[in-house]
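Have a look at the structure below, then the notes.
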Amino acid sequence: MINTISVKNLHVSYYGKEAINGINLSVKAGNLVGIIGPNGAGKSTFIKALLNLIPIDKGEIEIYGSSINDVRKKIAYVPQRSQIDWDFPIHVLDTVLIGTYPSLGIFKRPKKKEKEWAYECLKKVGMESFYNRQIGELSGGQQQRVFLARALAQQAEVFFLDEPFVGIDMASEETIIHLLKDLRDQGKTVVVVHHDLSKANDYFDELVLLNKELIGFGRVDDVLQPEVMMRAYEGQLSFMKEIGVHV
Ligand code: ADP
Ligand code: MG
């Protein structure tokens, strides 16, 4: 199978302080991959670096064998909810329509066809009856579903979602994971930053365990081994107990 994402010797720092230290990995198409690790481990930084949203110190990143800027249309990104300005006045359908922009070209406005497609995508996440609401009026789970609809509208090949399940209701979480598994089954690549390890087995095919460095990477069962987890969550024994890993 094709390598969707290939990362070699990636280093990222903020003001001279290292956040990502020498990561190598490759992900194949048709995988649902979880990125786990403690707070501040560099999970969001890693995704932003892959998307070329922040400068890197060194390393090579290829998506489908090309640089991200050449394949940007194929990549959808749902940022952490805390990073989105929910007071920004925009309707639900318009939010989803933004997903169609990459394929529209710069000077074209979305027409009936794009609007119908955006509405279809809202249906997939069960949010069509909210199409003319302000995004700020929705619950956390509804907002997250709308952002997933936007990613679906983009018809991307690779999906990055940063902590999509934080602060949302169980029904929304189930809708979202179901759709992500569908995308995976269609051969797309889905990468999700996640911290609730109890569900990692149900949700993901592979796990990336980060703590500045790459601590573990592979099939979920291989990464969720106490001795591997200990290396990432060192000094956080209460957390280890909480997630059911006994050491
Ligand atoms: P995670 O998503 O795993 O919680 P982050 O990638 O957000 O971790 O952060 C990794 C480290 O980089 C943390 O120590 C964080 O404080 C720092 N960091 C993240 N963003 C910035 C920024 N914009 N400026 C300076 N430091 C940052
Ligand atoms: Mg984060």
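In listed order, ligands and their atoms are each counted from 1.
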Notebook entry, point to check: Identify the closest protein heavy atom to atom 10 (C) of ligand 1: which residue and atom is it, and at what distance?
Noted result: G40 O, 3.4 Å
Note to self: What I want to find out is whether E116 reaches K113 closely enough, with some N-O distance under 4.0 Å, to be called a salt bridge.
What the structure shows: no
Next item on the list: Please indicate, with yes or no, if any protein heavy atom is found under 4.0 Å from atom 16 (O) of ligand 1?
Entry: no
Next item on the list: Please test I47 against Y77 for side chain to side chain contact (heavy atoms under 4.5 Å, CB included), starting from the C-alpha separation and ending with a verdict.
Entry: CA-CA 9 Å; I47 289 193; Y77 172 49; 3.8 Å; yes
Margin query: Under 2.8 Å from the Mg ion (ligand 2), can any N, O or S atom of S44 be found?
Written below: yes
Checklist line | Identity and distance of the protein heavy atom lying nearest atom 20 (N) of ligand 1 | finding: Y14 CZ, 3.3 Å
Margin query: Give me the nearest non-hydrogen protein atom to atom 7 (O) of ligand 1 as residue plus atom name, then the distance to 0.1 Å.
Written below: S44 CB, 3.9 Å
Next item on the list: Identify which one of H194, Q83, H195 satisfies the side chain to side chain donor-acceptor pair (under 3.5 Å) criterion when paired with E163.
Entry: H195
Next item on the list: List every atom of ligand 1 that sits less than 4.0 Å from any heavy atom of T45, numbering the atoms from 1 in the order shown and giving each element.
Entry: 5 (P), 6 (O), 9 (O), 10 (C)
Notebook entry, point to check: Quick one: does K43 get an N or O within less than 3.5 Å of an N or O on ligand 1?
Noted result: yes
Next item on the list: Measure the distances from the heavy atoms of G42 to every atom of ligand 1 and state whether one is below 4.0 angstrom.
Entry: yes
Check: Under 4.0 angstrom from ligand 1, any heavy atom of F46?
Finding: no
Note to self: With heavy-atom distances below 4.0 Å as the criterion, list the atoms of ligand 1 near P38.
What the structure shows: 3 (O)
Check: Is a side-chain donor or acceptor of N211 paired with a backbone partner of A41 at a separation under 3.5 angstrom?
Finding: no
Check: Name the one of R219, R184, K28 that satisfies side chain to side chain donor-acceptor pair (under 3.5 Å) with D205?
Finding: R184
Check: Between Q142 and S139, is there a donor-acceptor pair closer than 3.5 Å when you use the side chain of the first and the backbone of the second?
Finding: yes
Check: How long is the span from the CG atom in L152 to the CZ atom in F147, to the nearest 0.5 Å?
Finding: 13.0 Å
